[in-house]
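Report on the structure given below.
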There are 2 protein chains.
Amino acid sequence: MEITDALDLLKEKGYKYTGKREKMVRLFSEKRRYLSAKEVLLDMQEEYPNLSFDTIYRNLTLFEELGLLETTEFKGEKQYRFSCGSTHHHHHLICTKCRKTISFEMCPMNVIFGSPKDFMITGHKFEIYGYCSDCMEAGV
Amino acid sequence: MEITDALDLLKEKGYKYTGKREKMVRLFSEKRRYLSAKEVLLDMQEEYPNLSFDTIYRNLTLFEELGLLETTEFKGEKQYRFSCGSTHHHHHLICTKCRKTISFEMCPMNVIFGSPKDFMITGHKFEIYGYCSDCMEAGV
DNA sequence: CTCTTTGCAAAACATTTGCATGCCT
DNA sequence: AGGCATGCAAATGTTTTGCAAAGAG
């Protein structure tokens, strides 16, 4: 996913590409890792000091609905990251310190399961947690 | 995990086996599925009408620390279930309607990965979501 | 009798909503 | 101009904490 894709998606659906939305998109595009609503707010407030949580949440929710952002849940907080692009299903290694992610394509569902007859599968979650090389070196 | 194991664990660590704790343990032992704090409270209040959330949370936290309960996170709520017993690592199929779980021993970590050099793995989460046979029939 | 457990009340924290105003197209 | 976006304030929902009273070993 690139910034221009995000812009197109918003336009296409009739949403406005405001300065705040642009900055939010740029933030996610630069960081490429999971961010909490609070982190987004703090970063945004450098440019928009009056910005408040409701706008952040409204836009995070909108972006998620549009498929711009992928989400997961982490220590009781929802976490958002720029979508890797929906071309193929994938999973992540997630650094629990800096929340950087590394994608990988292997999916256990393909490898292992047939479909159990007594359970209708609708989804799954597979995430690997640990420390990325930077955070390892920093001495966790 | 059986009720008597829970009792032993509490005694062993010097915690008291109060009527409320006993009922909580029995509840989890009977249900054998994920329950939210609210569900636990509602069930408990049939016997203890004045019981409040703080006691529930304190005991849920204690039980989790003791390894009596396994937890996961689900729609912004923490969910607790009676531990399957720590004899071997396992994962769950989770019915998203009734939160019943079905254990399975296959772990994708064993099957697929060596250890990537640039990431120190400390944990993982693998859960499969869907509808159990009961909820399928009930016509979700 | 002592230390743990509980109830009460209040607070902390993440998230959501109503409403009036402001801004993009 | 018209509809979407935002700020403000207040509410919601989950979970935590301090303190004093009650209960278990």
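Quantities reported herein were computed from a predicted structural model and do not represent experimental measurements. Below, chains carry the letters A, B, ... as their sequence lines are ordered, and counting in each starts from 1.
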Please report the distance, rounded to the nearest Å, between [atom1] in [X] and [atom2] in [N].
X        : N       : atom1 : atom2 : result
Leu10(A) : dT25(C) : CG    : C1'   : 14 Å
Glu39(A) : dA14(C) : CD    : P     : 11 Å
Glu22(A) : dT25(C) : CD    : C1'   : 16 Å
Ile56(A) : dG7(D)  : CD1   : C1'   : 12 Å
Leu60(B) : dT5(C)  : CG    : C1'   : 15 Å
Tyr15(B) : dT2(C)  : OH    : P     : 21 Å
Leu41(B) : dC8(C)  : CG    : P     : 12 Å
Asn50(A) : dT21(C) : CG    : C1'   : 14 Å

Worksheet item: Quick one: does Asp5(A)'s side chain have a donor or acceptor within less than 3.5 Å of a partner on Glu2(A)'s backbone?
Response: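 A pair under 3.5 Å: yes.
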Worksheet item: If you look only at pairs with a residue in residues 6-42 of chain A, which of them pass as a ring pair (Phe, Tyr, Trp, His ring centres under 6.0 Å), with sequence neighbours excluded?
Response: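 As it turns out, there is no ring pair (Phe, Tyr, Trp, His ring centres under 6.0 Å) pair with a partner in residues 6-42 of chain A once direct neighbours are skipped.
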Taking the side chain of [X] as its heavy atoms from C-beta onward, which of [options] lies nearest to it?
X        : options                  : result
Arg21(A) : dA14(C), dT6(C), dA5(D)  : dA5(D)
Asp54(A) : dA9(D), dT4(C), dG3(D)   : dA9(D)
Ala37(A) : dT15(C), dC4(D), dG7(C)  : dT15(C)
Lys38(B) : dT14(D), dT25(C), dT5(C) : dT14(D)

Worksheet entry | Salt-bridge criterion met for Glu39(B) and Arg99(B) (N-O under 4.0 Å) |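 Yes, charged N to carboxylate O under 4.0 Å.
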Item to complete: Find out if a path of hydrophobic residues (ILVMFWY) with successive side-chain heavy-atom gaps under 4.5 Å connects Leu62(A) to Met44(A).
Response: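 Yes, one cluster joins them.
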Worksheet item: Would you find more than 12 non-hydrogen atoms of other residues, nucleotides or ligands less than 6.0 Å from Lys125(A) atom NZ?
Response: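 Counting neighbours around NZ of Lys125(A), more than 12 heavy atoms of other residues, nucleotides or ligands fall under 6.0 Å, so yes.
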Ignoring backbone atoms, test whether [X] places a side-chain nitrogen or oxygen under 4.0 Å from the OP1 or OP2 oxygen of [N].
X        : N       : value
Tyr57(A) : dT15(C) : yes
Lys78(A) : dA14(C) : no
Lys20(B) : dT5(C)  : no
Thr55(A) : dG7(D)  : yes

Discussion item. I'd like to know if Lys16(A) reaches the base of dC23(C) with its side chain such that a donor and an acceptor end up less than 3.5 angstrom apart.
Written reply: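 In this structure, the two groups form no donor-acceptor pair.
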Worksheet item: Can you tell me how far the CG atom of Leu35(B) sits from the OG1 atom of Thr71(B), to the nearest 0.5 Å?
Response: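 If we round to the nearest 0.5 Å, Leu35(B):CG and Thr71(B):OG1 are 13.0 Å apart.
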Fill in: For DNA chain D, the residues among residues 62-71 of chain A that have a non-hydrogen atom under 4.0 Å from it
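Output list: empty, so none.
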Item to complete: Report the residue from Asp54(B), Asn50(B), Thr55(B) that forms a side-chain hydrogen bond (donor to acceptor under 3.5 Å, both in side chains) with Ser52(B).
Response: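 Option passing the side-chain hydrogen bond (donor to acceptor under 3.5 Å, both in side chains) with Ser52(B): Asp54(B).
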Item to complete: Return the 5'-most residue of the pair Gly14(A), Glu77(B) with respect to DNA chain D, ranking by each residue's nearest nucleotide.
Response: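 Residue closer to the 5' terminus by nearest nucleotide: Gly14(A).
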Item to complete: Give Arg58(B) one of three labels, base, sugar-phosphate or nothing, depending on what nucleic acid heavy atoms sit under 4.0 Å from its own.
Response: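 Base contact.
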Discussion item. Going by side-chain hydrogen bond (donor to acceptor under 3.5 Å, both in side chains), name the residues that satisfy it together with Glu127(A), two or more places apart in sequence or in a different chain.
Written reply: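 Testing Glu127(A) for side-chain hydrogen bond (donor to acceptor under 3.5 Å, both in side chains), a comparison that skips the adjacent residues, returns Thr72(A), Tyr129(A).
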